[in-house]
Amino acid sequence: MRFLLSCLCLSFVLILAGCGTPADRRLDAPAIEITGLTAGGDGYALALRLTNSNTVPLVVRHSTHTLYLGDKRIGRIEDREPIGVPPLGAASHTVALPKALAADVRFWLTNHAGEVHASMDSSLEIVIGEDDSMILKSTGRGTVKAP
């Protein structure tokens with residue numbers, strides 16, 4: 001009986017060990033901070049700072065961001081610009097807003113002068129191999145001023 005119980009416990013432990021996520025797939029999403037919103041010739045650009053808490057570098061192939069100013073959802077930004085973030089380090093990145101979204105931002109900021117709370121929900125496609133990637137979700141926050 002004791003032998004049977006020991007075998008049963010060992011089998012259970014081995015099953016649980018086999019259900020674990022492979023080490024290369026256990027990545028934490030980078031922390032994102034909104035560091036500014038600047039007006040340029042044709043529109044606006046969102047300045048970001050990505051901080052990597054992993055001991056391996058992260059390469060973001062593609063990202064999608066949903067921007068909020070105050071409590072209002074302004075719109076969605078598709079960013080095809082790759083971003084490299086060093087291990088246990090940070091990288092700055094600027095995302096150009098599409099013209100339609102820039103017009104919405106301009107309208108919103110003209111009606112809300114001063115410093116504005118900005119946030120975003122991000123979906124980041126992280127390269128983990130030559131033909132392999134994974135999606136990590138992150139939330140960013142910051143304060144922006146009307147330019």
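The structure displayed is predicted, hence computed values, not measured ones.
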Is there a side-chain contact between Pro57 and Pro87 (heavy atoms, below 4.5 Å)? yes
Common cluster, Leu58/Met134, ILVMFWY with side-chain heavy-atom separation under 4.5 Å: yes
Please name the pair of heavy atoms, one in Ser122 and one in His65, separated by the smallest distance, quoted to 0.1 Å. OG-ND1, 2.7 Å
Should Val56 and Val85 be counted in the same cluster of Ile, Leu, Val, Met, Phe, Trp and Tyr side chains packed under 4.5 Å apart? yes
Quick one: are Ile34 and Leu48 in side-chain contact, heavy atoms under 4.5 Å? yes
Pairwise distance CD(Glu130) to CG(Asp132) - rounded to 0.5 angstrom: 11.0 Å
Verify, without hydrogens or angle tests, whether Thr94 (side chain) and Ala47 (backbone) share a donor-acceptor contact under 3.5 angstrom. no
Has the side chain of Asn52 got a donor or acceptor atom that lies under 3.5 Å from a matching backbone atom of Gly89? no
Partner of Leu97 under side-chain contact (heavy atoms from CB on, under 4.5 Å), picked from Asp104, Ile77, Ile74, is Ile77
Has Asp79 got a side-chain atom pairing as donor or acceptor with Glu81's backbone, closer than 3.5 angstrom? yes
Within the structure provided, determine whether Leu124 and Ile32 are in side-chain contact (heavy-atom separation under 4.5 Å). yes
Could you check whether atom CZ of Arg61 has more than 12 heavy atoms from other residues, nucleotides or ligands sitting under 6.0 Å from it? yes
Out of curiosity, Asn111 CG to Leu69 CG, how far, rounded to the nearest 0.5 Å? 12.0 Å
Shared hydrophobic cluster for Val60 and Leu136 (ILVMFWY, side-chain gaps under 4.5 Å): yes
For residues Leu27 and Ile126, determine if any side-chain heavy atom of one lies less than 4.5 Å from a side-chain heavy atom of the other. yes
Which atom names give the shortest non-hydrogen contact between Pro30 and Leu50, and what distance separates them? CG-CD2, 4.2 Å
Paired with Thr64, the side-chain contact (heavy atoms from CB on, under 4.5 Å) test is passed by just one of Glu78, Glu125, Met120, namely Glu78
Nearest 0.5 Å please: distance from the NE2 atom of His62 over to the CD1 atom of Ile83. 10.5 Å
Could you walk me through whether Tyr44 and Leu109 satisfy the side-chain contact (heavy atoms from CB on, under 4.5 Å) test, starting with their C-alpha distance in whole Å, then the side-chain angles of each, then the deciding distance to 0.1 Å, before giving a yes or no? CA-CA 11 Å; Tyr44 285 87; Leu109 289 177; 4.3 Å; yes
So, Asp71 and His117: side-chain donor and acceptor under 3.5 Å apart, yes or no? no
In sequence, state the C-alpha distance, the side-chain angles, and the governing distance for Glu33 and Arg141, and then conclude on side-chain contact (heavy atoms from CB on, under 4.5 Å). CA-CA 5 Å; Glu33 178 187 3; Arg141 302 194 186 294; over 6 Å; no
Sub-4.5 Å side-chain heavy-atom contact between Val105 and Leu67: yes
Of all heavy-atom pairs between Ala90 and Thr51, which one has the smallest distance, and what is that distance? CB-OG1, 3.9 Å
Looking at side-chain heavy atoms only, is the closest gap between Tyr68 and Asp121 below 4.5 Å? yes
Val116 versus Thr143: any side-chain heavy-atom pair under 4.5 Å? no
